[in-house]
Amino acid sequence: MKKDFIAVLETAVQRLGVTEIPPIEVEVPPQENFGDLSTPVAMALARVLRKPPRHVAETIAGFIADEPIFDRVDVAGPGFINVAFAGEYLVSEFKKIAESGSAFLRSNIGQGRRVQVEFVSANPTGPLHLGHGRGGATGNALANLLTAAGYHVEREYYINDAGRQIRLLGQSVFARYQRLLGIEYGFPDEGYRGQYVEDIARDMIAEFDGTYVQKAFDEVADFFIDYSYKKILSSIRDDLRDFGISFDSWQSEREMFDCGEVGRAIEDLRAKGFIYEKEDATWFRASAFGDDKDRVIIKKDGEYTYFTSDIAYHRKKIEKNYDEIIDIWGADHHGYIPRIQAVIQALGYPKEKLKILLVQMVTLLRGGKPVQMSKRAGEFVTLREVMEEVGADTTKFIFLTRRPDSHLEFDLEVAKAQSAENPVFYVQYAHARITSIFSHAREKGIERDALAHADVRLLSHHDELRIMKKLLTYPMVFEGAVKTHEPHRITFYVQELSGMFHQYYNKCRIVTEERGPTLARLALCEGVRTVLRDGLEILGITAPERM
RNA sequence: GCGCCUGUAGCUCAGUCGGAUAGAGCAACUGCCUUCUAAGCAGUGGGUCAGGGGUUCGAAUCCCUUCAGGCGCGCCA
């Protein structure tokens, strides 16, 4: 629909004698009675042509008014050109959806380009909380969206299984283990105090009894660390699976060390002249690329920092030659951006090579009161608890009805109270209703195959044309969502389409005694179902057959 | 102190890189189930787009500033 409009506009603009045709923008006007599509192109050209916008608009409108695909061409407001499409054109376009389904709806923007999306990447030192859920829902939807757009997407989870935090976890479990076996043992100052730490210690006792009692931590450190983080990692995987999120690749930080990636990265940067020694430490010259200061990569004590392995990790990403690399981070890490971009540039790439998408914080409330979310103190509500309380689909939907950069207040009470009234059900209900209509039709002797013979020209009701037009704008919404990396646009679209369908359903009966019109209406329903399914699939939300 | 994000209806949020009379859902109120699912539909009310300047044909959107909230500014991860 959009393509045809633009093509017509382009020839019209050429007739104006404009040498350089500006990119022509097309949008759905804010009010339905303005028409089906609208363009502000005349206003853009007014400046170049030095003529009043309305005058330019009138001229263009005159050029295109006779096109058979239009029913009406108007000039409105300050100089918009609004068009209403002819019924026949709409029907022929709609047929393409009926015939080729999603293929017609999704433009192949990616063309097989390879993109990596890294998201969640929570430290395996404790269970996933709600913030990870938001990152997960967003990253998953974005990856789905890009896949649908013809990109070849790899989803990666980076596991921080090395370093101080993971050691602290092992130590915390060790302390609990000793205590549970009746040994007085001091708990590490900044240790992890969550209940899950004690649970892991109990698991160890169940498995190994008192084998490690009264040993020094250093003697059994590796064992305790490995046992603990692997246990947590596996429950993280379970949480993600139940939340409906999967990954293609799990990149271990440890492996970066073991395979020598970290060493190679440092040597690479050193060869390029961005590494120096100062005050017994080794530094990366981040300030050469706009960061506030240089950063330590090898500490005085000889240990690497977290940043060091991250340098190696991002170097590895770049070497894999993706066309696009996307990291999804919690907004609390935003201060880290200049540093990592400095790395990208030091390696000889433009900083745009890596796109970092920040997902804002989630504050969890219960009845209007903030719930403390301190991991160290062990006081927090996990993603799993929320999932179990309000449901995975609802939780995801709440995340996906917001822009990633807006702060989110997630009130458990409200989410629960609203779970019966949640908009996600509104959309799912529309889908289930259509399925139900089809099973009713089958009882009346109308099989799915019969749809192929449906004469969609019989659809002339205002609501039917309205739905058809809405379906035909899906590719525009889809394209916009892909280009801006904003899956939430799909969420809003899918709600609007569901609204139109529910209205239509209440106004018109689909299955009647007249076979011809019944088939046509069923074909329309099938179109709605195709698009709803497509949208929900991108969002990672189930499309139930019945509710 | 510096930096990033946010401020739109009572509440939760959209607003398509400057466009038309600023939109949804929830909550409130009034109606609609002998016919394909009432998790639905029809209708009513609700706004100083945080405040103030500026840029121009035109601003919720861009610039400056004030206020409010969140988050960062480690040889932690």
Side-chain angles (χ1 to χ4, degrees), chain A residues 25-31 34 38 40 43 46 52-53 76-80 82 123 125 160 162-166 168 190 253 279-283 292-293 295-301 303-307 309-310 330-338 358 360-361 363 368 398 401-411 414-415 417-430 432-441 443-444 476-477 479-481 483-484 486 488-489 491-493 495-496 498-499 501-507 509-512 518 521-522 525 546-547:
Chain A
E25 282 173 47
V26 167
E27 57 198 32
V28 177
Q31 277 183 58
F34 288 164
S38 174
M43 294 186 282
F80 287 100
N82 297 336
N123 287 358
T125 51
N160 298 121
R164 200 176 90 93
Q165 297 303 325
I166 212 82
L168 206 50
E190 290 179 76
E253 181 184 1
E279 294 164 5
D280 298 328
T282 305
W283 299 69
D292 296 341
K293 45 186 141 182
R295 306 290 173 177
V296 169
I297 57 167
I298 303 175
K299 296 187 270 181
K300 228 180 261 176
D301 61 8
E303 294 283 319
Y304 294 97
T305 62
Y306 169 81
F307 180 51
S309 40
D310 229 18
D332 51 343
H333 287 79
H334 78 264
Y336 200 74
I337 294 176
L358 289 181
Q360 277 296 335
M361 301 286 92
T363 29
I398 288 173
T401 41
R402 284 148 172 91
R403 282 192 341 269
D405 54 6
S406 69
H407 298 262
L408 169 56
E409 294 201 337
F410 195 111
D411 193 313
V414 175
Q418 279 190 358
S419 67
E421 304 291 332
N422 195 282
V424 71
F425 296 115
Y426 187 79
V427 178
Q428 292 179 318
Y429 188 54
R433 246 184 176 170
I434 294 173
T435 311
S436 165
I437 292 170
F438 274 97
S439 52
H440 176 78
E443 281 167 25
K444 295 277 177 184
M476 293 170 65
V477 175
E479 196 184 315
K483 289 190 171 159
T484 55
E486 290 178 349
H488 75 271
R489 296 190 187 198
T491 321
F492 284 89
Y493 172 87
Q495 288 186 78
E496 287 159 15
S498 301
F501 176 74
H502 285 308
Q503 284 168 37
Y504 174 57
Y505 175 88
N506 275 273
K507 224 181 277 183
R509 203 179 157 76
I510 313 293
V511 180
T512 64
T518 295
R521 285 186 293 261
L522 284 173
C525 290
R546 68 169 56 90
M547 291 172 72

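Quick caveat, the model's predicted, so the values are computed rather than measured. Below, chains carry the letters A, B, ... as their sequence lines are ordered, and counting in each starts from 1.
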Next on the checklist: Please give the distance between the P atoms of B:C76 and B:G69 as a whole number of Å.
Outcome noted: 32 Å

Checklist entry - With centres under 5.5 Å and planes under 30°, do A:F34 and B:A20 count as stacked? => result yes

Next on the checklist: With rounding to the closest Å, how many angstrom separate the C1' atoms on B:U30 and B:U21?
Outcome noted: 26 Å

Item to check | Touch class at under 4.0 angstrom, heavy-atom based, for A:Y505 against every strand present | outcome: base

Checklist entry - What does A:Y336 touch in the nucleic acid at a heavy-atom separation under 4.0 angstrom: a base, only the sugar-phosphate, or nothing? => result base

Checklist entry - Would one find a side-chain N or O of A:R509 under 4.0 angstrom from OP1 or OP2 of B:U35? => result no

Checklist entry - With a non-hydrogen cut-off below 4.0 angstrom, is A:E443 in contact with a base, only sugar-phosphate, or nothing? => result nothing

Next on the checklist: Need one value for A:I337: base, sugar-phosphate or nothing, where a base atom within 4.0 Å counts as base even if backbone is also close, heavy atoms only.
Outcome noted: nothing

Checklist entry - Using a cut-off of 4.0 Å on non-hydrogen atoms, how would the nucleic acid contact of A:V477 be classed: base, sugar-phosphate, or nothing? => result nothing

Next on the checklist: Checking base pairs now: Watson-Crick or wobble, both atom distances under 3.5 Å. What partners B:C71?
Outcome noted: B:G3

Checklist entry - Are OP1 or OP2 of B:C5 and a side-chain N or O of A:R403 less than 4.0 angstrom apart? => result no

Checklist entry - B:G72 base to A:H333 side chain: any donor-acceptor pair below 3.5 Å? => result no

Checklist entry - Using a cut-off of less than 4.0 Å, is there contact between a side-chain N or O of A:Y504 and OP1 or OP2 of B:C36? => result no

Next on the checklist: Please tell me if A:S406 has a side-chain N or O lying less than 4.0 Å from either OP1 or OP2 of B:A14.
Outcome noted: yes

Checklist entry - Does the side-chain contact (heavy atoms from CB on, under 4.5 Å) test come out yes or no for A:T512 and A:R521, once each step is laid out? => result CA-CA 10 Å; A:T512 64; A:R521 285 186 293 261; 3.1 Å; yes

Next on the checklist: Given the structure, check if the side chain of A:H407 and the base of B:G7 hold any donor-acceptor pair shorter than 3.5 Å.
Outcome noted: no

Next on the checklist: Strictly by Watson-Crick or wobble contacts shorter than 3.5 Å, is anything paired with B:G31, and which nucleotide is it?
Outcome noted: B:C41

Checklist entry - Since syn is defined as within 90° of 0, does B:C62 count as syn or as anti? => result anti

Next on the checklist: Mind checking if A:P78 touches a base, just sugar-phosphate, or nothing, with heavy atoms under 4.0 Å?
Outcome noted: base

Item to check | Who pairs with B:C76 - Watson-Crick or G-U, where each distance is under 3.5 Å | outcome: none

Checklist entry - Is A:Q503 near enough to B:A42 that one of its side-chain N or O atoms lies under 4.0 angstrom from OP1 or OP2? => result yes

Checklist entry - Given the P atoms of B:U44 and B:C49, what is the spacing between them in whole Å? => result 24 Å

Checklist entry - Which part of the nucleic acid, if any, lies within contact of A:Y426, taking any heavy atom under 4.0 Å across all strands shown: a base, the sugar-phosphate backbone alone, or nothing? => result sugar-phosphate

Next on the checklist: When you compare the side chain of A:M476 with that of A:V26, does any pair of heavy atoms fall below 4.5 Å?
Outcome noted: yes

Checklist entry - Does A:E27 or A:H440 map to a spot on RNA chain B nearer the 5' end, using the closest nucleotide for each? => result A:E27

Checklist entry - On a whole-Å scale, what distance lies between the P atoms belonging to B:A28 and B:C64? => result 43 Å

Next on the checklist: Does the structure show A:Y429 stacking with B:G40, if we require the centres to be closer than 5.5 Å and the planes to be within less than 30 degrees of parallel?
Outcome noted: no

Checklist entry - Can you find a donor-acceptor N/O pair under 3.5 angstrom joining the side chain of A:T125 to the base of B:A77? => result no

Checklist entry - Below 4.5 Å, heavy atoms only, C-beta onward: do A:T363 and A:H407 meet side chain to side chain? => result no

Checklist entry - Relative to the ring of A:F307, is the ring of A:Y336 parallel (under 30°), tilted (30 to 60°) or perpendicular (over 60°)? => result perpendicular

Next on the checklist: Using the P atom as the point on both nucleotides, what is the distance between B:G51 and B:A9, in whole Å?
Outcome noted: 10 Å

Next on the checklist: Can you confirm whether A:C525 sits close enough to A:Y505 that some side-chain heavy atom of one is under 4.5 Å from a side-chain heavy atom of the other?
Outcome noted: no

Checklist entry - When you compare B:C41 with B:G7, how far apart are their C1' atoms, in angstrom units rounded to a whole number? => result 35 Å

Next on the checklist: Under 4.0 Å from OP1 or OP2 of B:G74: is there any side-chain N or O of A:K293 that close?
Outcome noted: yes

Checklist entry - Does OP1 or OP2 of B:A38 have a side-chain N or O of A:R433 closer than 4.0 Å? => result yes

Checklist entry - Is a donor-acceptor contact shorter than 3.5 angstrom present between the side chain of A:D332 and the base of B:A77? => result no

Checklist entry - Considering only the P atoms, how many Å lie between B:A42 and B:G47, rounded to the nearest integer? => result 23 Å

Item to check | B:G15 and B:C32, which share atom name C1', separated by this distance in whole Å | outcome: 32 Å

Checklist entry - RNA chain B: A:F438 or A:K507, which has the more 5' nearest nucleotide? => result A:F438

Next on the checklist: Let's go through A:K444 and A:T518 carefully: what are the C-alpha distance in whole Å and the side-chain angles of both, what is the deciding distance for side-chain contact (heavy atoms from CB on, under 4.5 Å) to 0.1 Å, and is it a yes or a no?
Outcome noted: CA-CA 11 Å; A:K444 295 277 177 184; A:T518 295; over 6 Å; no

Checklist entry - Hey, does A:E496 reach any base, or is it just sugar-phosphate, or nothing, if we go heavy atoms under 4.0 Å? => result nothing

Checklist entry - What nucleic acid atoms does A:M476 come within less than 4.0 Å of, heavy atoms only: base, sugar-phosphate, or nothing? => result nothing

Next on the checklist: Just to be sure I understand the rule, does A:S439 reach a base, reach only the sugar-phosphate, or reach nothing, if contact means heavy atoms closer than 4.0 Å?
Outcome noted: nothing

Next on the checklist: So A:R546, base contact, sugar-phosphate only, or nothing? Heavy-atom distance under 4.0 Å.
Outcome noted: base

Checklist entry - Do the side-chain N or O atoms of A:K299 get closer than 4.0 angstrom to the phosphate oxygens (OP1, OP2) of B:G74? => result no

Item to check | Verdict with reasoning, A:I398 to A:N422, per side-chain contact (heavy atoms from CB on, under 4.5 Å) | outcome: CA-CA 9 Å; A:I398 288 173; A:N422 195 282; 4.0 Å; yes

Item to check | Rounded distance [0.5 Å steps], OG1 in A:T435 versus CZ in A:R546 | outcome: 8.5 Å

Checklist entry - B:A20, B:G15, B:C71: which one has an atom nearest the side-chain heavy atoms of A:M361? => result B:C71

Item to check | Complementary nucleotide of B:U48, counting Watson-Crick and G-U pairs under 3.5 Å | outcome: none

